[in-house]
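Only one structure is covered here, and it is reproduced in the block below.
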Amino acid sequence: MSDAEEGPPVVTLPERFDRRLRLGPFASARDALRFVTYVAVGAVVAPFTGPYLWLGVVLAGFAACVVRSEGEALDERAFAFVRWTFRIRSGAGPMTDPGLRSQLRKGLVPLGEERQLAILGTGGTPISYLPPVELARRFDSFRSVLRSLDGALAFWVFTVPMRSRSLVPPPPEEAGPDAAARAAYSELVRMICRRRRVRRVYLALGTERVGPDAVPDLERRAAALAERLDELGISAVRLRDGALLEAARRWGWA
């Protein structure tokens with residue numbers, strides 16, 4: 001950029017090497033094929049309902065395949081919402097049990113008649129770029145954590161899409177010189193989050209005793225595990241209520 005140019009400096013980002021190939025107004029050939037499906041469905045029902053409904057189906061299909069929110073098409077987001085609604089409704093039965101609600105609120109999952117489970121949630125900590133000495137220290141520390149456990153420990157590691165809602169700054173109250181920069185930054189955050197996923201780790205502990213001392217022993221072991229992980233720089237949160245029920249369902253325990 002020459003000195004004669006006016007305005008703030010502009011840094012252009014290079015195009016992604018793995019970006020999707022567009023097909024006209026559609027983000028991919030898959031979106032174009034979905035639009036053709038909408039047109040075919042409208043053509044099938046047109047002789048029975050009239051051309052206006054067919055035109056409405058075509059326009060709605062075009063908007064659903066072209067307009068994208070958070071990297072997803074409108075019809076994909078609508079289908080995901082419907083699946084989530086059915087999943088929530090299908091699981092509403094067990095939540096109506098007052099005993100189960102009380103257990104989940106305490107952070108316990110009943111498994112059978114006498115066994116209880118406690119689940120901790122964490123995201124881990126990145127170690128890819130640590131020095132070899134620090135990697136060895138972390139490995140020895142985590143090994144000592146596992147050896148200090150009383151009873152069995154179950155892991156569940158998975159990834160979830162990164163949501164940009166909490167990372168995007170709120171819009172300015174008044175229009176000013178930084179409004180354009182804020183909007184550009186928000187769009188950059190959304191673009192990055194579209195293809196990013198974050199790791200989730202569930203750690204499950206079960207009761208090892210039978211009788212009145214079983215639950216206090218489980219609470220002690222869960223607190224000790226959270227404390228030992230905190231010493232490693234890993235923040236573990238005890239899951240309760242809905243988060244605990246969702247974690248138990250991933251294992252098939254609820």
Side-chain angles (χ1 to χ4, degrees), residues 84 87-163 165-167 196-254:
W84 174 80
R87 186 166 64 249
I88 292 298
R89 291 183 177 180
S90 63
M95 287 296 292
T96 59
D97 185 2
L100 179 58
R101 288 204 306 269
S102 177
Q103 293 287 80
L104 295 176
R105 196 175 300 112
K106 295 178 182 178
L108 299 174
V109 177
L111 189 64
E113 297 181 356
E114 298 181 351
R115 191 171 179 82
Q116 305 284 342
L117 298 172
I119 302 178
L120 286 76
T122 181
T125 180
I127 60 174
S128 299
Y129 301 101
L130 293 178
V133 176
E134 180 64 18
L135 284 175
R137 188 190 69 82
R138 294 285 184 95
F139 177 79
D140 292 337
S141 301
F142 186 66
R143 183 172 56 181
S144 65
V145 170
L146 296 180
R147 288 178 174 177
S148 65
L149 294 176
D150 297 331
L153 174 68
F155 289 87
W156 187 285
V157 183
F158 60 99
T159 59
V160 295
M162 178 181 291
R163 297 297 181 182
R165 183 175 303 175
S166 60
L167 303 176
R196 298 288 183 180
R197 300 181 69 87
V198 294
R199 177 175 295 145
R200 291 287 183 266
V201 181
Y202 287 157
L203 308 171
L205 298 169
T207 52
E208 298 293 333
R209 300 181 181 180
V210 178
D213 296 334
V215 172
D217 178 70
L218 177 61
E219 296 286 351
R220 178 190 60 80
R221 292 164 50 216
L225 177 59
E227 183 178 355
R228 295 296 302 272
L229 291 176
D230 186 67
E231 295 175 357
L232 293 177
I234 303 175
S235 178
V237 179
R238 181 74 176 272
L239 301 184
R240 303 180 188 277
D241 294 327
L244 179 59
L245 181 63
E246 179 183 357
R249 283 176 176 168
R250 284 186 176 270
W251 260 299
W253 293 333

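Everything quoted here is computed from the prediction, not taken from an experiment. For the numbers below, each heavy atom of this structure counts, side chains included, while hydrogens, waters and symmetry mates do not.
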Practice task
Quick one: sort the Trp251 and Trp156 rings into parallel, tilted or perpendicular, breaks at 30° and 60°.
Solution key: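 Ring orientation, 0 to 90° scale: perpendicular.
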[X] side, atom [atom1]; [Y] side, atom [atom2] - distance, nearest 0.5 Å:
{"X": "Arg115", "Y": "Leu218", "atom1": "CZ", "atom2": "CG", "value": "9.0 Å"}
{"X": "Ile234", "Y": "Leu120", "atom1": "CD1", "atom2": "CG", "value": "11.5 Å"}
{"X": "Leu117", "Y": "Thr207", "atom1": "CG", "atom2": "OG1", "value": "7.0 Å"}
{"X": "Leu146", "Y": "Phe155", "atom1": "CG", "atom2": "CZ", "value": "5.5 Å"}
{"X": "Arg240", "Y": "Leu108", "atom1": "CZ", "atom2": "CG", "value": "8.0 Å"}

Problem - Nearest heavy atoms of Ser235 and Thr122, plus distance in Å - result: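 The pair with the smallest heavy-atom distance is O-OG1, 2.9 Å.
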Exercise for the section: State, to 0.1 Å, how close Leu239 and Ala247 come at their nearest heavy-atom pair, and which atoms those are. Expected result: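 So the minimum-distance heavy-atom pair works out to CD1-CB, 3.8 Å.
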Practice task
Decide if atom CZ of Phe158 counts as having more than 12 heavy atoms of other residues, nucleotides or ligands within a radius under 6.0 Å.
Solution key: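 Enclosed.
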Without placing hydrogens or testing angles, list every side-chain donor-acceptor pair under 3.5 Å for residues 225-233, not counting sequence neighbours.
from	atom 1	to	atom 2	distance (Å)
Arg228	NH1	Ser148	OG	3.3
Arg228	NH2	Ser144	OG	3.4

Exercise for the section: Would you check if Arg238 and Glu219 make a side-chain contact, meaning some heavy-atom pair closer than 4.5 Å? Expected result: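 Yes; the side chains approach each other to less than 4.5 Å.
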Handout entry: Leu149 vs Arg221 side-chain heavy atoms within contact, under 4.5 Å
Key =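 Leu149 does not reach Arg221 side chain to side chain.
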Handout entry: Arg250 NZ/CZ over Tyr202 ring centroid, <6.0 Å and within 45° of normal
Key =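 No; the conditions do not both hold, so Arg250 does not lie above the ring face of Tyr202.
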Handout entry: Lys/Arg-Asp/Glu bridge criterion (N-O < 4.0 Å) met for Asp140, Arg137
Key =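 Answer for the salt bridge query: no.
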